[in-house]
Amino acid sequence: MENQRNLLIAVVLSAIVFLGWTWASNRYFPVAAPPATAIKDGKQVPLPAPDTPKPATVRDRQAVLTASPRVAIDTPRLQGSVNLRGARIDDLLLLDHRETVAKGAPPVRLLSPSGAPDAYFAQFGWSGDGVALPGPDTLWQASGTRLTPAAPVTLTWDNGRGQRFAIALSVDRNYMFTVRQTVANAGATPVMVKPYGLVSRVGPSKDPSSWTMHTGPIGAFNGSTDYSVSFKGLDKAGPAGERFATDGGWIGFGDKYWQTALVAASGAQAGAGFRGQGDVYQADLSPAAAQTVPAGKLATAEQRFFAGAKEVNVLDGYERAGVPQFDRAIDWGWFVWFEKPIFYLLDWLFRHVGNFGVAIILLTCVVRALLFPVAQRQFSSMASMRRVQPKMKALQERYKDDKPRLQQEMMQLYKAEKVNPFAGCLPVFIQMPIFIALYKVLMLSIEMRHQPFALWIRDLSAPDPLTPVNLFGYLPFTPPPMLHLGVLAILLGVTMWLQFRMNPAQMDPSQQQIMQFMPWMMMLFFAPLAAGLQLYYVANNLLSLAQQQFLYARTPGLKDTVATAKS
């Protein structure tokens with residue numbers, strides 16, 4: 001079995017296993033649970049779920065922002081405001097991340113108020129029974145005008161019937177808000193209330209979900225991350241949506257690089273759920289049971305709200321601080337145990353060299369160095385197969401009409417020459433998890449977003465922009481993704497073709513044709529992918545070519561054997 005065929009089989013089988021496991025685990029092992037309920041008169045009764053209807057008209061964002069009083073949000077990494085009408089965090093810019101690589105590009109806008117384009121916000125309130133509650137149009141009073149890491153702000157509202165509601169907001173220096181909701185009952189009778197938080201967004205994620213990356217509804221329930229809910233699934237589920245009961249955990253919406261999440265208090269029993277109505281989607285979180293507030297007493301509940309970028313070190317920090325599975329807001333997949341160390345190494349290299357492209361090349365060198373003995377074994381197996389290839393060809397000619405006899409003679413040849421035709425397969429299977437892990441790391445990590453490399457490559461997270469298909473931009477059209485053959489994609493195809501040229505031709509004509517087209521098929525496959533991923537594979541191919549040349553130099557006559565096999 002020649003090395004190229006081994007490689008092709010290994011790639012196909014690994015892809016089947018990887019895709020099959022990912023699909024099956026998401027489809028058949030979701031972490032679902034019964035709906036949240038409240039305790040009343042010794043019975044469990046469902047409490048009304050919060051709802052955020054879509055406004056009838058969409059207006060200019062600035063007009064919407066100025067239509068209601070606000071408290072400014074001002075942190076080193078966030079800028080925006082809290083809407084005092086409805087107690088909503090609905091205006092948020094991520095100061096460290098820009099919309100494009102263009103000079104002067106505005107910061108990424110994550111949250112936007114209801115009634116504006118792409119509305120996306122968090123709202124906090126109460127449901128309950130027999131008590132006047134604040135609603136989406138309630139106007140709150142604020143204790144200050146600016147919410148900063150050093151200056152929390154408390155929102156208050158009195159219903160005029162003896163109950164006073166308060167929402168104390170604080171924010172850290174990254175992306176996490178702490179929300180403490182309090183009800184003080186000055187009335188003559190007990191009241192039953194249940195605090196909630198919700199995240200509402202108009203429209204699904206602009207980043208499509210795929211087998212390599214989940215975007216959309218996501219949460220961690222009872223210590224396990226759930227990727228099973230989708231926007232399309234919520235469209236089909238109707239008003240009931242998807243409900244979960246959990247001990248702690250979090251729930252929200254994720255894009256490729258951005259995340260919102262409501263985080264339950266550590267160890268608290270909570271009810272959570274997703275719903276879809278038209279093109280409005282909602283995630284909500286509340287305690288599992290309502291609280292009875294006796295006359296003259298108060299009740300307090302706390303949750304947190306994350307709104308920011310999916311930066312690995314930031315997510316890890318929150319997980320260490322008690323947010324379970326928060327690092328899995330990034331869909332690392334099955335090989336998370338292997339992918340994160342690779343990311344940490346890549347991030348360490350970047351912080352030391354200051355260029356993400358150079359860091360990718362250095363990472364490639366590290367990986368190739370670690371796999372050097374494995375690759376040498378693979379190349380040695382290839383060399384053994386080349387050595388006996390003339391004899392194999394003679395046997396094929398002699399027994400071309402007797403397949404059983406041909407197989408028998410081939411096995412005897414392998415035994416006599418001490419050649420194991422399957423020896424090249426194991427190294428390929430060892431390398432596949434590494435390649436898949438690198439693919440996920442380079443495709444998902446926001447740390448590579450908008451990072452330049454050199455010359456025309458200004459964003460390693462985007463496809464290579466320079467392509468001869470439109471004469472490097474001189475023709476006024478943009479090729480479709482599969483035909484947008486950037487320079488890096490072309491180099492990838494050429495270096496892979498050179499690798500195959502260094503190997504003997506396949507004896508089977510059909511296999512020979514497949515291997516001739518393989519480099520160009522891979523070139524088309526990689527063309528629309530991130531330039532950073534293309535850079536890794538170009539560097540990997542060049543190092544592989546260098547290693548093969550090193551093997552030729554150390555094995556006299558091997559290169560002549562290859563040339564003879566090709567002729």
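Here, residue 1 is the first one in the sequence, and each next residue gets the next number.
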Check whether the ring centres of Y281 and F274 lie less than 6.0 Å apart, and answer yes or no. no
Does any non-hydrogen side-chain atom of D172 lie less than 4.5 Å from one of Y318? yes
As a quick check of understanding, evaluate side chain to side chain contact (heavy atoms under 4.5 Å, CB included) for D459 and F453, giving each step before the final call. CA-CA 7 Å; D459 183 3; F453 171 45; over 6 Å; no
Taking NZ, NE, NH1 and NH2 as the nitrogens, is one of them in R109 or D118 under 4.0 Å from a carboxylate oxygen of the other? no
Counting C-beta onward and ignoring hydrogens, is there a side-chain heavy-atom pair between R449 and H97 closer than 4.5 Å? yes
So, are E447 and K310 salt-bridged, with charged N and O less than 4.0 Å apart? no
pair Q282-V199: side-chain heavy atoms closer than 4.5 Å: no
Would L362 and V353 count as a side chain to side chain contact (heavy atoms under 4.5 Å, CB included) here? Give the steps. CA-CA 10 Å; L362 292 177; V353 301; 3.7 Å; yes
Looking only at the side chains, is there a donor atom on one of D255 and S205 sitting less than 3.5 Å from an acceptor on the other? yes
Between the side chains of S544 and Q499, is a donor N or O closer than 3.5 angstrom to an acceptor N or O? yes
Taking side chain as C-beta onward, heavy atoms only, is I73 less than 4.5 Å from I89? yes
Cationic N near anionic O, under 4.0 Å, D284 to R243: yes
Tell me, with the steps shown, if Y536 and Y439 meet ring-ring contact (aromatic ring centres under 6.0 Å, His included). CA-CA 9 Å; Y536 165 76; Y439 174 86; over 10 Å; no
Any heavy-atom pair between the side chains of W520 and M496 that's under 4.5 Å? no
Between Y344 and D316, is any side-chain donor less than 3.5 angstrom from a side-chain acceptor? yes
Consider only side-chain N and O atoms of Y120 and T260, and report whether a donor and an acceptor are under 3.5 Å apart. yes
State whether F253 and R201 meet the cation-pi test: NZ (Lys) or CZ (Arg) under 6.0 Å from the six-membered ring centroid, and within 45° of the perpendicular axis. yes
Does the side chain of V441 reach to within under 4.5 Å of the side chain of W332, using non-hydrogen atoms? yes
For the side chain of Q534 and the backbone of A489, is there at least one donor-acceptor N/O pair under 3.5 Å apart? yes
Side chains of Y175 and Q259 only: does a donor on one sit below 3.5 Å from an acceptor on the other? no
Polar contact flag, side-chain donor to acceptor under 3.5 angstrom, W456-D464: yes
Rounded to the nearest 0.5 Å, how far does CZ of R304 lie from CG of L285? 12.0 Å
T215 and K206, any side-chain heavy atoms less than 4.5 Å apart: no
Find out whether V171 and T178 are in side-chain contact, i.e. whether some heavy atom of one side chain is under 4.5 Å from a heavy atom of the other. no
With side chain to side chain contact (heavy atoms under 4.5 Å, CB included) as the criterion, how do I360 and L533 come out once you've worked through the C-alpha distance, each side chain's angles and the decisive distance to 0.1 Å? CA-CA 9 Å; I360 290 173; L533 188 64; over 6 Å; no
Please tell me whether Q325 and T225 have a donor and an acceptor in their side chains that are separated by less than 3.5 angstrom. yes
Check: S210 main-chain N/O paired with H214 side-chain donor or acceptor under 3.5 Å: no
Take I342 and K440, measure what side chain to side chain contact (heavy atoms under 4.5 Å, CB included) needs, and give me the verdict at the end. CA-CA 10 Å; I342 289 178; K440 295 278 280 190; over 6 Å; no
